[in-house]
Trainee: 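This is the structure, below, for whatever I ask next.
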Amino acid sequence: MDGYDVELRNATKRFGDVVAVDDVDLAVKTGEFVSIIGPSGCGKTTTMRMIAGLDQPDSGEIIIRGKPMQGVPPYERNVALVFQSFALFPHLDVLGNVEFGLRMHGVDKTSRRERARRALRTVGLEGFEKRRVGQLSGGQRQRVALARALVVEPALILLDEPLGSLDARLRVDMQSELKSLQQQLGITFIHVSHNQGEALAMADRIVVMNEGRFEQIDPPADIYGSPRTRFVAQFVGTNNIFEGPVAGADGNRLTVSTPAGDLVVAANGAAAGRDRLSFVVRADRVRWLEDGRSADNELPATVLAIEYTGSLSTISLSLPSGELVKMEQHESLLRHRAPRHGETLRVGWDAGDGFVLPDA
Amino acid sequence: MENTTKRFSLSGALFRVYIVLVLIMLYFPFVIMAVLSFQGPRGGHTFPLREVSSWWWWKLFHPGQSTEFSDVGEFLGNYLGALGRSLVLALVVAILSTIMALMAAHAFRKPFRGSNAVFYLWLLGIIVPGITVSLGLFLVLNRLGIIPNWTSSALAVHVMWTLPFCLIIFLMGFNRFDLDLEDAALVYGANPLQAYWYVVLPVLQPFILSSLLFGFTLSLDEFQRSLLLTGTTLETQTLPVMIMASVTTRITPTLYALGTLTTLLSFAVIALYIFFLIRAERKTGEALVEIREPKAEGEA
């Protein structure tokens with residue numbers, strides 16, 4: 001199909017008895033930034049290696065720019081890969097690393113030097129040509145790895161946990177830099193990570209992967225706001241999940257008998273005709289009901305732990321039923337009155353804050 | 001901090017004395033030998049030194065003519081010929097065992113059924129006493145009617161001897177080898193052969209050099225395994241075997257001249273090794289270690 005750089009069709013990969021990648025479909029548009037996220041061992045790295053040609057699918061197809069890749073080795077695919085370890089060649093200097101791909105493709109010396117220099121300029125490493133890899137910092141190695149990928153003008157660039165070995169501050173800087181570089185050059189990026197924050201910040205679309213399957217493929221806002229499966233709700237963001245039989249309906253509002261008590265939730269398409277369902281309440285929708293404020297669902301809850309993460313605090317609460325609820329509060333709201341350990345608060349949320357999950 | 005580093009430390013001083021003593025133990029015999037090699041023509045193989053001359057060196061370098069000036073019972077083998085054979089043999093052994101060990105190390109990268117057992121079988125060459133290997137193969141060849149020679153039977157046992165050392169060196173090399181490097185080469189357009197030539201071999205270069213050095217030196221001074229397997233004539237024997245033959249007849253300062261010459265040659269080989277190693281490590285050494293645990297410095 002036109003306009004797609006990569007398509008996976010029913011791609012499946014087994015290692016012995018383990019199905020690493022289980023019948024997945026994906027079409028990545030030209031110039032799109034797609035993130036594949038999931039816990040370790042979910043098959044995301046295998047998916048990436050199959051696109052690069054380092055692993056072959058057992059069944060199904062991988063199509064790059066309209067051409068089936070069955071039997072095409074990695075060195076004839078025109079796909080670039082930025083490794084987590086960067087995998088820079090330690091025996092070559094920066095220029096030697098960047099021009100490696102061009103050298104293997106038989107580009108003559110003058111023009112490959114020229115192109116390698118241009119790529120280094122793009123990633124902001126002008127003047128580093130003669131440096132040895134061992135002399136570079138983590139961030140600089142990252143840029144060299146990126147320049148090595150850009151210079152071959154690939155159909156797409158695969159990034160395997162590209163920020164995984166950088167420290168926290170540098171990671172945030174590189175995130176925005178990667179994103180703007182990708183937009184500026186219009187190259188298709190497929191980014192693989194276990195870090196949802198990275199994906200939410202950079203991707204046009206996110207693929208959430210679990211046990212070899214694609215659970216959901218959607219733009220970040222939908223992944224975050226409307227998870228399609230329980231797994232996605234648990235993996236992305238901080239969510240509370242309640243489950244139980246439907247006890248009653250009042251117009252658009254359903255009452256669900258959960259272990260935490262009867263809770264009301266707004267019905268959506270997924271809820272129609274079901275007598276048992278689970279729904280998600282994001283931690284940032286749970287409010288602390290002080291001074292007689294009210295909500296559709298109100299519960300007493302005891303503070304178990306408070307976790308400060310800069311501007312947000314995540315408060316773990318225990319309900320009388322023993323269920324746990326997480327609540328995220330802005331630091332500014334807690335400044336005048338912070339909850340204490342063991343204190344019992346009144347917390348709650350409205351029916352509209354709940355989101356019924358499509359999968360049971 | 002400066003005070004603590006400059007403070008006198010007894011253990012440090014003792015350690016330095018110890019090192020100097022070891023070095024004296026190592027090099028004093030060599031110095032004695034070098035001095036005695038300049039013994040006068042009528043001097044013997046021990047002190048005192050009677051005159052200073054290059055007579056015995058002249059004899060070493062003129063094996064054909066030295067018969068005319070020989071003393072009673074003096075050993076008259078062609079040392080230089082034996083040295084040449086030893087050097088050629090050592091070079092061939094080094095190259096062969098390095099190639100074979102490199103290939104074997106590739107096989108050991110992924111564990112296979114019985115790989116542990118196979119590994120220990122490979123080590124047998126180190127464990128078995130050399131003289132039994134020599135004797136065993138000698139008996140087999142005798143039975144088969146094959147005459148031992150330095151180019152055949154000695155070559156075989158030498159490679160058997162050096163192979164385990166070289167294998168261990170390469171196993172160490174692959175232990176530090178980042179597997180992603182090969183994948184990176186493939187992704188960036190190198191076919192498997194090019195990936196091997198342009199990435200794997202250069203990264204392994206320090207280990208290749210070490211393997212060559214080990215193979216060379218172990219073969220060069222090997223006596224037990226050569227004893228029965230380099231042939232029965234002086235024309236096929238390697239240097240250690242010939243030296244053994246000469247010390248059982250009569251020792252002359254020519255032997256000291258030879259000892260001095262071979263020691264200097266060894267120095268030259270080691271200097272060559274260090275030169276190439278520094279050149280290779282300058283490129284790969286630090287990177288090999290650091291690339292696995294990149295230090296993320298915020299200044300990028």
Side-chain angles (χ1 to χ4, degrees), chain A residues 49 52-54 73-93 96-107 124-125 132-143 145 148-149 151-152 154 158 160 163-171 173-174, chain B residues 102 109-113 172-210 276-300:
Chain A
R49 288 178 62 87
L54 296 169
Y75 45 92
E76 286 166 10
R77 286 200 178 193
N78 197 25
V79 168
L81 174 52
V82 176
F83 291 82
Q84 179 173 15
S85 67
F86 307 139
L88 298 179
F89 304 124
H91 59 294
L92 300 174
D93 59 13
N97 266 282
V98 176
E99 68 171 10
F100 184 87
L102 300 174
R103 198 168 121 214
M104 292 303 114
H105 286 118
V107 177
L125 277 185
R132 297 195 311 270
V133 173
Q135 296 174 313
L136 302 177
S137 69
Q140 290 165 338
R141 285 179 194 176
Q142 165 78 275
R143 283 158 204 268
R148 181 171 67 173
V151 78
V152 295
L158 299 160
D160 183 13
L163 310 176
S165 32
L166 302 180
D167 65 34
R169 207 193 128 68
L170 193 55
R171 201 176 304 163
D173 291 347
M174 280 308 284
Chain B
L102 179 58
R109 279 175 82 179
K110 277 188 195 148
F112 51 89
R113 264 177 77 99
M172 266 162 36
F174 279 123
N175 203 16
R176 302 207 307 177
F177 194 92
D178 182 0
L179 286 172
D180 283 345
L181 288 179
E182 270 173 292
D183 285 343
L186 293 176
V187 164
Y188 289 109
N191 63 39
L193 214 63
Q194 287 173 313
Y196 199 76
W197 183 254
Y198 290 112
V199 174
V200 178
L201 282 183
V203 172
L204 286 180
Q205 200 185 332
F207 300 96
I208 294 172
L209 287 170
S210 301
F276 280 114
L277 195 69
I278 288 174
R279 226 180 54 160
E281 295 243 303
R282 193 170 283 165
K283 291 177 187 164
T284 62
E286 55 213 287
L288 259 180
V289 185
E290 279 177 34
I291 231 168
R292 301 207 133 198
E293 297 148 304
K295 276 181 278 175
E297 289 140 43
E299 108 267 356

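Labels below follow one simple rule: chain letters A, B, ... track the order of the sequence lines, proteins then strands, and each chain is numbered from 1.
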Trainee: Checking heavy atoms, do the side chain of A:Leu81, its backbone, both or neither come under 4.5 Å from chain B?
Mentor: both

Trainee: Got a second to check how far B:Gln194's CD is from A:Met104's CE, nearest 0.5 Å?
Mentor: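 Interatomic distance, B:Gln194 CD to A:Met104 CE, rounded to 0.5 Å: 5.5 Å.
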
Trainee: Rounded to the nearest 0.5 Å, how far does CG of B:Asp180 lie from CZ of A:Phe86?
Mentor: 11.5 Å

Trainee: Looking at every heavy atom in both B:Asp178 and A:Ala87, which two are closest together, and how far apart are they?
Mentor: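 Residues B:Asp178 and A:Ala87, closest heavy atoms: OD2-CA, 4.2 Å.
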
Trainee: A:Glu76, A:Arg77, A:Arg148, A:Arg169: which one forms the most heavy-atom pairs within less than 4.5 Å of chain B?
Mentor: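 The residue among A:Glu76, A:Arg77, A:Arg148, A:Arg169 with the greatest pair count is A:Arg148.
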
Trainee: Quick check on A:Arg103 against chain B: is it the side chain, the backbone, both or neither that has a heavy atom closer than 4.5 Å?
Mentor: side chain

Trainee: Locate the shortest heavy-atom distance separating A:His91 from B:Val199; write the atom from each residue and the value.
Mentor: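 Smallest heavy-atom distance, with atoms named: CE1-CA, 3.9 Å.
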
Trainee: Looking at every non-hydrogen atom in both residues, tell me the closest pair between B:Val187 and A:Val79 and how far apart they are.
Mentor: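 Where B:Val187 meets A:Val79 most closely, the heavy atoms are CG1-O, 3.3 Å.
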
Trainee: Just wondering, do A:Pro90 and B:Leu181 contact through their side chains at under 4.5 Å, heavy atoms?
Mentor: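 SC-SC contact between B:Leu181 and A:Pro90 confirmed.
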
Trainee: Let me know if B:Ala185 has heavy atoms under 4.5 Å from chain A in its side chain, its backbone, both or neither.
Mentor: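 Both parts, backbone and side chain.
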
Trainee: What pair of heavy atoms forms the shortest contact from A:Ala145 to B:Tyr188, and how long is it?
Mentor: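 Between these two residues, the closest heavy atoms are O-OH, 4.3 Å.
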
Trainee: Between chain B and each of A:Ala52, A:Ala80, A:Gly53, count heavy-atom pairs under 4.5 Å; write down the option with the most.
Mentor: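 Counting heavy-atom pairs under 4.5 Å, the top option is A:Ala80.
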
Trainee: Pair A:Phe100, B:Tyr198 - check side chain to side chain contact (heavy atoms under 4.5 Å, CB included), show working.
Mentor: CA-CA 9 Å; A:Phe100 184 87; B:Tyr198 290 112; 4.1 Å; yes

